[in-house]
Each structure stands twice: as structure tokens, then as C-alpha cells.
Amino acid sequence: MKTTYDVKLGQVQQRANAFIARWRVAGKGRSKSFRTKGLANAFLSDLRQAAKAGEEFDVATGLPVSMVAAEPEGPSFLEFGQAYVLRRWNSSAARTRETDAYALLTLIPALVEDAPRRPAAEALREVLRIHALLPEGRRAALNPSQAAALCWLEGASVPLTALGEADVLRTALDAISVTFAGTPAGANTVRRKRAVLHHLLEHAVEQKVFNTNPLDGIKWSVPKAVTSVDPRTVVNPTQARLLLDAVPKVGRKRGPRLKALFACMYYAALRPEEAADLRVRNCTLPEEGWGG
């Protein structure tokens with residue numbers, strides 16, 4: 001560990017919904033974000049007391065040696081998220097894998113320290129999607145900028161134990177409540193992402209990281225799903241008949257089969273897998289008339 005006494009403490013600055021504590025160690029700027037100004041000031045006060053006591057600061061982390069020693073051990077949230085996805089990979093359906101990955105594409109970039117030279121959010125999601133959240137044999141090779149983004153994410157990801165703190169969990173819940181574009185997310189999307197976060201923390205409880213699931217202690221209302229259907233988004237009976245009449249023109253042989261498939265889905269409200277597995281022996285057909 002390389003240490004120094006060259007420490008200059010700055011002030012707390014407000015940025016968006018966070019308060020940033022800034023200081024310099026060995027001429028290099030350091031910063032850390034907090035949810036409240038009081039927490040940021042308390043952190044700077046700890047640094048100031050360490051400097052007055054003549055304590056050395058670690059050049060790599062910018063923290064007093066005593067605080068570095070007190071840093072929590074264990075995996076980062078990124079590492080635990082990767083292990084969570086890969087542990088479930090072989091036993092999960094493709095849809096489940098997609099749901100897990102989609103939630104972590106939101107959560108992992110949100111649960112990071114305020115480290116300098118942060119890549120764009122889109123770059124972080126890309127490196128997670130094509131590399132970090134896939135099994136070894138499916139990972140794409142990374143170009144230099146993507147490798148740098150992954151390196152930043154590995155260094156900035158908060159420890160898994162940090163999710164025992166209410167403000168960190170609220171950051172996670174705030175993140176899943178909006179889309180990647182920053183607009184409010186749909187109720188069902190939010191519920192699915194929260195379910196993934198809850199299940200991931202249940203795994204952490206199993207591994208004795210937490211005594212109980214910390215998400216259960218957060219008072220937060222899951223948005224209710226919108227159950228009304230906009231008629232403009234649903235085909236009417238006339239449109240459905242025209243669509244079904246056009247389907248047999250697809251290909252040379254599969255058209256009639258597709259017409260039967262989609263007709264069963266439309267008129268009998270069958271799921272795609274139910275309609276695909278339907279056979280004549282499963283049906284009671286009239287000798288004549290509708291349905292025959």
C-alpha cells in the first residue's frame with residue numbers, strides 16, 4: 001500500500017439529488033456521493049480528523065489507512081449480480097434470463113460510487129449485455145473503450161453489503177422506476193425488476209450476507225398495473241378476419257397452419273404454446289356451422 005501525507009480537503013457540493021464530498025490526495029482529486037448533506041459533511045469531518053491526527057492516506061483509494069482497513073469485505077454488487085445470473089443460467093428459461101439481465105442492466109450502473117471518468121450509461125449497459133452478464137463461452141470480445149467501461153464498473157460497483165443501507169436501496173428502487181430514457185417506467189416493468197432485486201437479496205440471505213432481506217424493511221409502494229385496455233391497440237373483429245385471410249398466403253405450406261394457430265389464439269384466447277400443441281383429438285368440433 002502506497003501512502004502519503006499530501007491531503008487537501010474540499011467542500012460539499014450539491015449535484016442533482018446527491019451531495020458530493022471532494023478532497024485531494026497526492027494531487028489527485030477524489031469524490032464520494034451521499035444522499036444527504038449531513039452524511040457528506042460527516043465523511044469530510046472523518047477525513048479531517050484523520051489528517052489532524054497525522055494519519056497517512058492510501059494513494060490508491062484516497063482514504064485514511066484506518067478507513068481502508070475498515071472497508072467491507074466480500075463481493076461487489078456487480079460480482080454478486082454476475083454470479084446470480086450465471087448460477088441460474090442452465091436451469092432458467094430464455095425469458096427468465098432476459099428478465100434477470102434487464103433488471104441488472106438498470107441496477108448495476110445505478111449502484112456505483114461517484115468515481116471519476118464515469119462512462120456513459122449506454123456504454124455501461126452495453127458491456128453488461130454483451131459480456132459481463134453472459135457465460136464465458138457467449139461473451140463478446142471487448143474493444144478498448146468497452147474494456148475501459150468494464151474496468152470502471154468493476155472498480156466503482158458498491159459492495160453487496162451496502163445494500164443493507166436504506167439510502168442505497170432507495171437508489172436502486174428509484175433506478176428501476178424509470179426507463180433508460182429517464183421517463184417513468186410501466187408498472188409491470190417496475191414490479192418485475194423489483195422481484196429480481198428481492199430474489200437476488202434472498203440469495204444473499206442464504207449466503208449469510210444479511211440476516212433478513214433488507215428490501216422487506218423499505219416502505220415503498222409497488223406501482224399498480226394498468227388493467228384497462230386501449231381499444232386503439234387491439235384489432236377489431238373485421239381487422240382480425242382480414243389478417244387471418246391473409247396469413248395462408250405466407251409460404252407454400254405453412255400458411256394454413258399459421259391461420260389455424262392465430263385463429264385459435266384470437267377466437268379461443270389460447271396462449272401461443274397451447275395453440276401450437278393443439279390437436280384435433282383435443283377438440284369437440286360440430287359437424288357443421290361455426291367452428292367446424
Side-chain angles (χ1 to χ4, degrees), residues 17 77-78 80-112 120-122 124-130 132-134 157-158 160 163 166-206 210 212-237 239-240 243 261-262 264-277:
N17 295 324
F77 183 71
L78 168 62
F80 196 79
Q82 287 177 298
Y84 172 81
V85 169
L86 298 181
R87 189 184 305 115
R88 289 158 50 86
W89 188 272
N90 291 331
S91 61
S92 297
R95 181 66 176 176
T96 301
R97 297 174 188 168
E98 181 182 349
T99 300
D100 289 346
Y102 188 49
L104 290 172
L105 286 178
T106 299
L107 291 164
I108 291 174
L111 298 178
V112 293
E122 184 177 350
L124 296 177
R125 290 194 295 268
E126 180 184 35
V127 77
L128 289 170
R129 184 175 61 251
I130 69 173
L133 295 179
L134 293 175
S157 183
V158 301
L160 177 64
L163 274 76
D167 60 329
V168 176
L169 281 179
R170 289 202 171 275
T171 297
L173 294 172
D174 289 344
I176 66 174
S177 298
V178 296
T179 65
F180 294 151
T183 57
N188 288 332
T189 298
V190 177
R191 294 168 73 92
R192 284 194 296 270
K193 289 185 177 182
R194 186 193 180 279
V196 171
L197 176 60
H198 190 275
H199 194 239
L200 184 147
L201 291 174
E202 285 293 316
H203 278 251
V205 172
E206 289 179 3
F210 304 110
T212 59
N213 193 320
L215 196 57
D216 293 336
I218 301 296
K219 294 182 179 179
W220 186 77
S221 298
V222 179
K224 295 182 179 179
V226 178
T227 56
S228 60
V229 177
D230 186 348
R232 294 172 297 179
T233 66
V234 181
V235 296
N236 59 43
Q239 292 171 327
L243 288 169
L261 174 77
F262 292 126
C264 288
M265 291 170 59
Y266 181 76
Y267 289 112
L270 296 184
R271 297 185 179 93
E273 60 270 24
E274 292 173 333
D277 198 45

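Along the sequence shown, the residues carry numbers beginning at 1.
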[atom1]-[atom2] distance between [X] and [Y], expressed to the nearest 0.5 angstrom:
X	Y	atom1	atom2	value
His203	Asn213	NE2	CG	11.0 Å
Arg194	Thr189	CZ	OG1	15.0 Å
Arg129	Tyr102	CZ	OH	11.5 Å

Report yes if some heavy atom in the side chain of [X] is under 4.5 Å from a heavy atom in the side chain of [Y]; otherwise report no.
X	Y	value
Leu133	Ile108	yes
Leu200	Leu107	no
Val235	Tyr266	yes

Kindly determine whether Ile176 and Val196 satisfy side chain to side chain contact (heavy atoms under 4.5 Å, CB included), including the steps that lead there.
CA-CA 11 Å; Ile176 66 174; Val196 171; over 6 Å; no
To check you understand the geometry: which heavy-atom pair defines the closest contact between [X] and [Y], and what is its length?
X	Y	value
Thr179	Pro184	CG2-O, 3.9 Å
Val190	Ser177	CG2-CA, 3.9 Å
Leu261	Ala275	CD1-CB, 3.4 Å
Ile218	Pro214	CG1-O, 3.8 Å
Pro109	Thr106	CD-O, 3.6 Å

Reference residue Val158; test side chain to side chain contact (heavy atoms under 4.5 Å, CB included); the match among Thr171, Leu111, Leu78
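Testing Val158 for a side chain to side chain contact (heavy atoms under 4.5 Å, CB included) against Thr171, Leu111, Leu78 leaves exactly one candidate, Leu111.
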Output yes when a side-chain donor or acceptor of [X] lies under 3.5 Å from a complementary backbone atom of [Y], and no otherwise.
X	Y	result
Thr96	Ser92	no
Gln82	Ala132	yes
Arg97	Trp89	yes

Let's go through Asn236 and Gln239 carefully: what are the C-alpha distance in whole Å and the side-chain angles of both, what is the deciding distance for side chain to side chain contact (heavy atoms under 4.5 Å, CB included) to 0.1 Å, and is it a yes or a no?
CA-CA 5 Å; Asn236 59 43; Gln239 292 171 327; 3.2 Å; yes
Before giving the answer on side chain to side chain contact (heavy atoms under 4.5 Å, CB included), spell out for Leu128 and Leu104 the whole-Å C-alpha distance, their side-chain angles and the decisive distance to 0.1 Å.
CA-CA 9 Å; Leu128 289 170; Leu104 290 172; over 6 Å; no
Could you check whether His199 and Tyr84 have their ring centres less than 6.0 Å apart?
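Yes: the rings meet the under 6.0 Å criterion.
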Tell me the salt bridge (Lys or Arg N to Asp or Glu O under 4.0 Å) pairs involving residues 166-187, sequence neighbours left out?
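Applying salt bridge (Lys or Arg N to Asp or Glu O under 4.0 Å) to every pair that reaches into residues 166-187, excluding sequence neighbours, yields Arg35-Asp174.
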Hey, is CD on Glu122 packed in by over 12 heavy atoms from elsewhere, all under 6.0 Å?
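Not more than 12 within 6.0 Å, no.
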Restricting to side-chain hydrogen bond (donor to acceptor under 3.5 Å, both in side chains), what partner residues turn up for Asp216, sequence neighbours left out?
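Asp216 satisfies side-chain hydrogen bond (donor to acceptor under 3.5 Å, both in side chains) with His198 only.
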With sequence neighbours excluded, residues passing side-chain hydrogen bond (donor to acceptor under 3.5 Å, both in side chains) with Arg95
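Applying side-chain hydrogen bond (donor to acceptor under 3.5 Å, both in side chains) to Arg95 gives none.
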Applying side chain to side chain contact (heavy atoms under 4.5 Å, CB included), run through Leu173 and Leu215 and close with a yes or a no.
CA-CA 10 Å; Leu173 294 172; Leu215 196 57; 4.2 Å; yes
